[in-house]
Protein chains: 2
Amino acid sequence: MTIDELLKQHNLRLTKPRQQVFDVLRQSAVPLTISDIAKKCKNVDRASVYRTLVTFDQLHIVSAVAIGWKSYYELAEPFIPHHHHLYCIHCQNAEPIQTPELEQLVGYLSRKHQFAVVKHHFELEGICKNCQQTKQYKK
Amino acid sequence: MTIDELLKQHNLRLTKPRQQVFDVLRQSAVPLTISDIAKKCKNVDRASVYRTLVTFDQLHIVSAVAIGWKSYYELAEPFIPHHHHLYCIHCQNAEPIQTPELEQLVGYLSRKHQFAVVKHHFELEGICKNCQQTKQYKK
DNA sequence: GTACGTGCAAAGATTTTGCATCGAT
DNA sequence: ATCGATGCAAAATCTTTGCACGTAC
(Lines give C-alpha, C1' and ligand atoms only; values in the text may rest on other atoms or scores of the structure.)
Protein backbone atom coordinates (compact mmCIF):
# COMPACT_ATOMS: atom_id res chain seq x y z
CA MET A 1 0.00 0.00 0.00
CA THR A 2 1.53 3.31 -1.07
CA ILE A 3 0.64 6.59 0.56
CA ASP A 4 -0.87 7.73 -2.73
CA GLU A 5 -3.27 4.79 -2.81
CA LEU A 6 -4.11 5.18 0.84
CA LEU A 7 -5.03 8.82 0.34
CA LYS A 8 -7.08 8.10 -2.77
CA GLN A 9 -9.10 5.47 -0.94
CA HIS A 10 -10.33 8.31 1.24
CA ASN A 11 -10.86 10.77 -1.62
CA LEU A 12 -7.81 12.72 -0.57
CA ARG A 13 -5.04 13.94 -2.85
CA LEU A 14 -1.29 13.46 -2.70
CA THR A 15 -0.21 17.09 -2.76
CA LYS A 16 3.23 18.63 -2.55
CA PRO A 17 2.97 19.49 1.19
CA ARG A 18 1.77 16.00 2.06
CA GLN A 19 4.54 14.44 0.02
CA GLN A 20 7.14 16.64 1.71
CA VAL A 21 5.96 15.86 5.24
CA PHE A 22 5.98 12.19 4.40
CA ASP A 23 9.50 12.36 2.92
CA VAL A 24 10.85 14.28 5.91
CA LEU A 25 9.47 11.66 8.27
CA ARG A 26 10.75 8.81 6.15
CA GLN A 27 14.25 10.22 6.03
CA SER A 28 14.51 10.80 9.75
CA ALA A 29 16.10 8.17 11.95
CA VAL A 30 14.34 9.56 15.01
CA PRO A 31 10.87 10.89 15.85
CA LEU A 32 10.43 14.60 15.12
CA THR A 33 8.51 17.43 16.76
CA ILE A 34 6.08 19.49 14.73
CA SER A 35 8.60 22.33 14.71
CA ASP A 36 11.29 19.99 13.40
CA ILE A 37 9.01 18.91 10.59
CA ALA A 38 7.95 22.46 9.73
CA LYS A 39 11.58 23.60 9.57
CA LYS A 40 12.52 20.79 7.22
CA CYS A 41 9.59 21.39 4.91
CA LYS A 42 10.75 24.40 2.95
CA ASN A 43 8.01 26.33 1.17
CA VAL A 44 5.29 24.56 3.13
CA ASP A 45 3.12 26.72 5.35
CA ARG A 46 3.04 25.81 9.02
CA ALA A 47 -0.74 25.50 8.90
CA SER A 48 -0.44 22.90 6.19
CA VAL A 49 1.96 20.91 8.32
CA TYR A 50 -0.59 20.87 11.12
CA ARG A 51 -3.40 19.90 8.79
CA THR A 52 -1.29 17.22 7.16
CA LEU A 53 -0.38 15.65 10.49
CA VAL A 54 -4.04 15.48 11.51
CA THR A 55 -4.87 13.78 8.23
CA PHE A 56 -1.93 11.39 8.51
CA ASP A 57 -2.91 10.50 12.05
CA GLN A 58 -6.46 9.67 11.03
CA LEU A 59 -5.19 7.41 8.27
CA HIS A 60 -2.60 5.89 10.60
CA ILE A 61 0.24 7.05 8.42
CA VAL A 62 1.95 8.62 11.43
CA SER A 63 1.92 7.87 15.12
CA ALA A 64 2.64 10.16 18.05
CA VAL A 65 5.35 9.33 20.55
CA ALA A 66 5.46 11.02 23.94
CA ILE A 67 8.90 11.54 25.43
CA GLY A 68 9.16 13.55 28.61
CA TRP A 69 6.55 16.26 28.26
CA LYS A 70 6.77 16.57 24.49
CA SER A 71 5.15 14.89 21.51
CA TYR A 72 7.08 13.58 18.57
CA TYR A 73 5.90 12.07 15.32
CA GLU A 74 7.13 9.22 13.17
CA LEU A 75 5.78 7.03 10.41
CA ALA A 76 3.54 4.19 11.51
CA GLU A 77 3.09 0.70 10.17
CA PRO A 78 3.20 -0.39 7.44
CA PHE A 79 5.59 2.37 6.41
CA ILE A 80 8.11 1.43 9.04
CA PRO A 81 8.24 -1.69 11.24
CA HIS A 82 6.39 -1.51 14.53
CA HIS A 83 8.74 -0.66 17.39
CA HIS A 84 9.22 1.26 20.63
CA HIS A 85 12.06 3.40 21.99
CA LEU A 86 14.82 3.58 24.54
CA TYR A 87 15.09 7.31 25.12
CA CYS A 88 18.32 8.49 26.76
CA ILE A 89 17.73 11.49 29.00
CA HIS A 90 21.46 12.23 28.86
CA CYS A 91 22.32 12.20 25.16
CA GLN A 92 18.75 12.62 23.94
CA ASN A 93 18.98 9.72 21.55
CA ALA A 94 15.88 7.60 20.86
CA GLU A 95 16.91 4.08 19.97
CA PRO A 96 14.21 1.95 18.37
CA ILE A 97 13.74 -1.56 19.74
CA GLN A 98 11.59 -4.54 18.83
CA THR A 99 9.58 -5.95 21.72
CA PRO A 100 7.61 -9.03 20.77
CA GLU A 101 7.03 -9.79 24.47
CA LEU A 102 5.22 -6.49 24.83
CA GLU A 103 2.98 -7.18 21.87
CA GLN A 104 1.99 -10.46 23.52
CA LEU A 105 1.31 -8.70 26.77
CA VAL A 106 -0.97 -6.21 25.03
CA GLY A 107 -3.02 -9.11 23.66
CA TYR A 108 -3.23 -10.66 27.08
CA LEU A 109 -4.35 -7.43 28.74
CA SER A 110 -6.88 -6.86 26.00
CA ARG A 111 -8.52 -10.21 26.72
CA LYS A 112 -8.20 -9.91 30.48
CA HIS A 113 -9.96 -6.53 30.59
CA GLN A 114 -12.23 -7.14 27.59
CA PHE A 115 -10.82 -3.96 26.12
CA ALA A 116 -10.61 -3.62 22.32
CA VAL A 117 -7.12 -2.21 21.87
CA VAL A 118 -6.72 0.16 18.93
CA LYS A 119 -3.18 1.24 19.71
CA HIS A 120 -0.63 1.08 22.44
CA HIS A 121 2.17 3.34 23.64
CA PHE A 122 5.32 2.13 25.33
CA GLU A 123 8.52 4.08 25.88
CA LEU A 124 11.44 3.72 28.24
CA GLU A 125 13.38 6.72 29.53
CA GLY A 126 16.76 6.38 31.19
CA ILE A 127 20.50 6.30 30.57
CA CYS A 128 21.81 4.44 27.56
CA LYS A 129 24.74 2.03 27.63
CA ASN A 130 27.13 4.58 26.16
CA CYS A 131 26.23 7.39 28.52
CA GLN A 132 26.56 5.11 31.55
CA GLN A 133 30.25 4.91 30.69
CA THR A 134 31.01 8.56 30.08
CA LYS A 135 33.04 10.53 32.58
CA GLN A 136 30.50 13.30 32.45
CA TYR A 137 27.73 11.09 33.66
CA LYS A 138 29.80 9.41 36.37
CA LYS A 139 30.58 12.69 38.10
CA MET B 1 6.94 10.75 53.13
CA THR B 2 4.62 13.75 52.98
CA ILE B 3 4.80 16.38 50.28
CA ASP B 4 5.81 18.90 52.89
CA GLU B 5 8.82 16.84 53.94
CA LEU B 6 9.77 16.13 50.36
CA LEU B 7 9.77 19.83 49.51
CA LYS B 8 11.74 20.74 52.60
CA GLN B 9 14.42 18.22 51.75
CA HIS B 10 15.08 20.31 48.68
CA ASN B 11 14.85 23.65 50.47
CA LEU B 12 11.47 24.31 48.90
CA ARG B 13 8.38 25.56 50.69
CA LEU B 14 4.88 24.19 50.85
CA THR B 15 2.97 27.25 49.66
CA LYS B 16 -0.71 27.72 49.03
CA PRO B 17 -0.48 27.26 45.24
CA ARG B 18 1.56 24.08 45.61
CA GLN B 19 -0.86 22.72 48.16
CA GLN B 20 -3.81 23.48 45.89
CA VAL B 21 -2.31 21.84 42.83
CA PHE B 22 -1.49 18.79 44.91
CA ASP B 23 -5.03 18.61 46.34
CA VAL B 24 -6.63 18.98 42.92
CA LEU B 25 -4.56 16.11 41.58
CA ARG B 26 -5.20 13.96 44.61
CA GLN B 27 -8.94 14.45 44.35
CA SER B 28 -9.14 13.61 40.67
CA ALA B 29 -9.94 10.06 39.60
CA VAL B 30 -8.42 10.69 36.17
CA PRO B 31 -5.31 12.43 34.81
CA LEU B 32 -5.80 16.15 34.16
CA THR B 33 -4.52 18.61 31.56
CA ILE B 34 -2.75 21.77 32.65
CA SER B 35 -5.89 23.72 31.77
CA ASP B 36 -8.01 21.41 33.90
CA ILE B 37 -5.70 21.96 36.83
CA ALA B 38 -5.57 25.73 36.36
CA LYS B 39 -9.36 25.95 36.22
CA LYS B 40 -9.74 24.00 39.44
CA CYS B 41 -7.16 26.05 41.31
CA LYS B 42 -9.12 29.19 42.12
CA ASN B 43 -7.02 32.21 43.01
CA VAL B 44 -3.85 30.59 41.71
CA ASP B 45 -2.12 32.29 38.80
CA ARG B 46 -1.65 30.19 35.69
CA ALA B 47 2.09 30.89 35.77
CA SER B 48 2.27 29.40 39.24
CA VAL B 49 0.55 26.27 38.01
CA TYR B 50 3.19 25.88 35.32
CA ARG B 51 6.01 26.50 37.77
CA THR B 52 4.51 24.13 40.29
CA LEU B 53 4.19 21.33 37.75
CA VAL B 54 7.83 21.72 36.74
CA THR B 55 8.87 21.51 40.38
CA PHE B 56 6.60 18.54 41.06
CA ASP B 57 7.94 16.75 38.02
CA GLN B 58 11.54 17.21 39.16
CA LEU B 59 10.70 15.82 42.58
CA HIS B 60 8.68 13.00 41.00
CA ILE B 61 5.52 14.13 42.74
CA VAL B 62 3.65 14.07 39.43
CA SER B 63 4.05 12.10 36.24
CA ALA B 64 2.96 12.97 32.72
CA VAL B 65 0.65 10.67 30.79
CA ALA B 66 0.30 10.97 27.02
CA ILE B 67 -3.10 10.11 25.60
CA GLY B 68 -3.69 10.73 21.95
CA TRP B 69 -1.79 13.93 21.18
CA LYS B 70 -2.24 15.49 24.60
CA SER B 71 -0.40 15.41 27.91
CA TYR B 72 -2.13 14.82 31.20
CA TYR B 73 -0.78 14.88 34.73
CA GLU B 74 -1.43 12.76 37.76
CA LEU B 75 0.26 12.07 41.09
CA ALA B 76 3.16 9.65 40.98
CA GLU B 77 4.36 7.08 43.47
CA PRO B 78 4.39 7.03 46.39
CA PHE B 79 1.34 9.33 46.46
CA ILE B 80 -0.76 6.93 44.44
CA PRO B 81 -0.02 3.30 43.50
CA HIS B 82 1.90 2.76 40.29
CA HIS B 83 -0.46 1.95 37.42
CA HIS B 84 -1.22 2.42 33.72
CA HIS B 85 -4.42 3.20 31.81
CA LEU B 86 -7.02 1.80 29.49
CA TYR B 87 -8.13 4.90 27.61
CA CYS B 88 -11.47 4.61 25.81
CA ILE B 89 -11.50 6.66 22.60
CA HIS B 90 -15.31 6.49 22.65
CA CYS B 91 -16.30 7.60 26.15
CA GLN B 92 -12.98 9.27 26.97
CA ASN B 93 -12.63 7.44 30.27
CA ALA B 94 -9.16 6.51 31.52
CA GLU B 95 -9.37 3.40 33.65
CA PRO B 96 -6.33 2.69 35.80
CA ILE B 97 -4.98 -0.88 35.75
CA GLN B 98 -2.23 -2.72 37.58
CA THR B 99 0.17 -4.55 35.29
CA PRO B 100 2.77 -6.54 37.19
CA GLU B 101 3.69 -8.41 33.99
CA LEU B 102 4.69 -5.12 32.41
CA GLU B 103 6.89 -4.16 35.32
CA GLN B 104 8.71 -7.48 34.91
CA LEU B 105 9.09 -6.89 31.21
CA VAL B 106 10.64 -3.48 31.84
CA GLY B 107 13.24 -5.11 34.06
CA TYR B 108 13.97 -7.70 31.40
CA LEU B 109 14.36 -5.12 28.65
CA SER B 110 16.57 -3.02 30.90
CA ARG B 111 18.99 -5.92 31.36
CA LYS B 112 18.77 -7.05 27.76
CA HIS B 113 19.68 -3.63 26.35
CA GLN B 114 21.89 -2.59 29.27
CA PHE B 115 19.72 0.48 29.56
CA ALA B 116 19.27 2.08 33.01
CA VAL B 117 15.52 2.71 33.07
CA VAL B 118 14.44 5.82 34.98
CA LYS B 119 10.79 5.68 34.03
CA HIS B 120 8.47 3.93 31.65
CA HIS B 121 5.29 4.89 29.85
CA PHE B 122 2.58 2.45 28.86
CA GLU B 123 -0.97 3.26 27.78
CA LEU B 124 -3.60 1.39 25.84
CA GLU B 125 -6.14 3.18 23.65
CA GLY B 126 -9.25 1.48 22.36
CA ILE B 127 -12.89 0.75 23.13
CA CYS B 128 -13.88 -0.16 26.67
CA LYS B 129 -16.14 -3.05 27.59
CA ASN B 130 -19.14 -0.80 28.14
CA CYS B 131 -18.83 1.12 24.92
CA GLN B 132 -18.46 -2.10 22.93
CA GLN B 133 -22.03 -2.86 23.94
CA THR B 134 -23.68 0.48 23.21
CA LYS B 135 -25.97 0.88 20.24
CA GLN B 136 -24.15 4.03 19.26
CA TYR B 137 -20.89 2.24 18.81
CA LYS B 138 -22.38 -0.73 16.99
CA LYS B 139 -23.84 1.45 14.24
C1' DG C 1 15.44 39.31 58.11
C1' DT C 2 16.24 36.49 54.20
C1' DA C 3 15.51 33.99 50.46
C1' DC C 4 12.08 31.68 47.89
C1' DG C 5 7.57 32.13 45.53
C1' DT C 6 3.84 34.54 43.91
C1' DG C 7 0.86 37.52 41.05
C1' DC C 8 0.71 40.43 37.39
C1' DA C 9 1.70 41.87 32.92
C1' DA C 10 4.10 41.49 28.81
C1' DA C 11 6.40 38.82 25.50
C1' DG C 12 7.01 34.71 22.91
C1' DA C 13 5.47 30.41 20.90
C1' DT C 14 2.20 27.32 19.34
C1' DT C 15 -2.09 26.05 17.24
C1' DT C 16 -6.48 27.08 14.97
C1' DT C 17 -9.45 29.30 11.69
C1' DG C 18 -11.52 32.05 7.64
C1' DC C 19 -11.11 32.99 3.15
C1' DA C 20 -9.55 33.81 -1.53
C1' DT C 21 -6.92 31.29 -4.72
C1' DC C 22 -4.71 27.24 -6.67
C1' DG C 23 -4.58 22.72 -8.57
C1' DA C 24 -5.72 17.64 -9.13
C1' DT C 25 -8.96 14.92 -11.36
C1' DA D 1 -15.81 22.46 -13.90
C1' DT D 2 -15.65 20.83 -9.37
C1' DC D 3 -14.16 20.22 -5.00
C1' DG D 4 -10.39 19.55 -2.07
C1' DA D 5 -6.06 21.73 -0.37
C1' DT D 6 -3.01 25.51 0.12
C1' DG D 7 -1.01 29.98 1.60
C1' DC D 8 -1.65 33.90 4.02
C1' DA D 9 -3.10 36.54 7.78
C1' DA D 10 -5.53 37.05 11.91
C1' DA D 11 -7.19 35.19 16.08
C1' DA D 12 -7.07 32.26 19.83
C1' DT D 13 -4.31 29.54 23.07
C1' DC D 14 -0.68 28.13 25.50
C1' DT D 15 3.79 28.84 27.77
C1' DT D 16 7.65 31.56 29.42
C1' DT D 17 9.81 35.44 31.60
C1' DG D 18 10.95 39.85 34.40
C1' DC D 19 10.08 42.20 38.27
C1' DA D 20 8.16 44.17 42.50
C1' DC D 21 5.79 42.51 46.38
C1' DG D 22 4.44 38.75 49.81
C1' DT D 23 5.25 35.21 52.82
C1' DA D 24 7.22 30.85 54.74
C1' DC D 25 10.79 29.82 57.67
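Convention: sequence-line order gives letters A, B, ...; per-chain numbering from 1.
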| query | Are A:E95 and A:Y87 close enough that a side-chain donor and a side-chain acceptor fall under 3.5 Å? | reply | no
| remark: Closest of D:dA24, C:dG7, D:dC8 to the B:R13 side chain is D:dA24
| How is A:R51 classified with respect to the nucleic acid when contacts are heavy atoms under 4.0 Å: base, sugar-phosphate, or nothing? | base
| said: On the nucleotide C:dT14, are OP1 or OP2 found under 4.0 Å from the side-chain N or O atoms that A:S35 carries? | reply: yes
| message | With heavy-atom distances below 4.5 Å as the criterion, would you say the side chains of B:E77 and B:H83 are in contact? | response | no
| field | Rounded distance (Å) that lies between atom C1' of C:dG5 and atom CD of B:Q19 | value | 15 Å
| message | Using heavy-atom distances to pick each residue's nearest nucleotide on DNA chain D, tell me which of B:D45 and B:K16 is more 5'. | response | B:D45
| message | Over all strands shown, is A:L12 touching base, sugar-phosphate only, or nothing at heavy-atom distances under 4.0 angstrom? | response | sugar-phosphate
| query | Atom CZ of B:R46 and atom P of C:dT14: how far apart are they, to the nearest Å? | reply | 17 Å
| message | Expressed as a whole number of angstroms, how long is the span from B:K39:NZ to D:dT13:P? | response | 10 Å
| Parallel, tilted or perpendicular for B:H120 and B:H84, by the 30°/60° rule? | tilted
| message | If you only use heavy atoms from C-beta on, which nucleotide in C:dG7, C:dT15, D:dT6 is closest to the side chain of A:I34? | response | C:dT15
| Closer to the 5' end of DNA chain C via nearest nucleotide, is it B:A47 or B:H10? | B:H10
| field | Between P of D:dT23 and CG of B:L7, the distance in whole Å | value | 19 Å
| query | If you look at every strand shown and take non-hydrogen atoms under 4.0 Å, does B:R18 touch a base, only sugar-phosphate, or nothing? | reply | sugar-phosphate
| request: Could you tell me the separation between the CG atom of A:N43 and the P atom of D:dA5, rounded to a whole number of Å? | output: 20 Å
| request: Taking the side chain as every heavy atom from C-beta outward, state whether A:D23 and A:Q20 have any pair of such atoms under 4.5 Å apart. | output: no
| query | Expressed in angstrom and rounded to an integer, what is the separation of B:L32 atom CG from D:dC14 atom C1'? | reply | 17 Å
| query | Which nucleotide, D:dT6, D:dC25, D:dC8, lies nearest any side-chain atom of B:K8? | reply | D:dC25
| query | Do the side-chain N and O atoms of B:R46 and B:S35 include a donor-acceptor pair separated by under 3.5 angstrom? | reply | yes
| field | Length of the NZ-P vector between A:K70 and D:dT16, whole Å | value | 10 Å
| task | Could you check which of C:dC4, D:dT16, D:dA5 has an atom nearest any side-chain atom of B:Y50? | result | D:dT16
| How close or far is atom C1' of D:dA5 from atom CD of A:Q20, stated in whole angstroms? | 14 Å
| request: Kindly say if B:T15 contacts the phosphate of C:dG5, meaning a side-chain N or O under 4.0 Å from OP1 or OP2. | output: no
| query | With a non-hydrogen cut-off below 4.0 angstrom, is A:D4 in contact with a base, only sugar-phosphate, or nothing? | reply | nothing
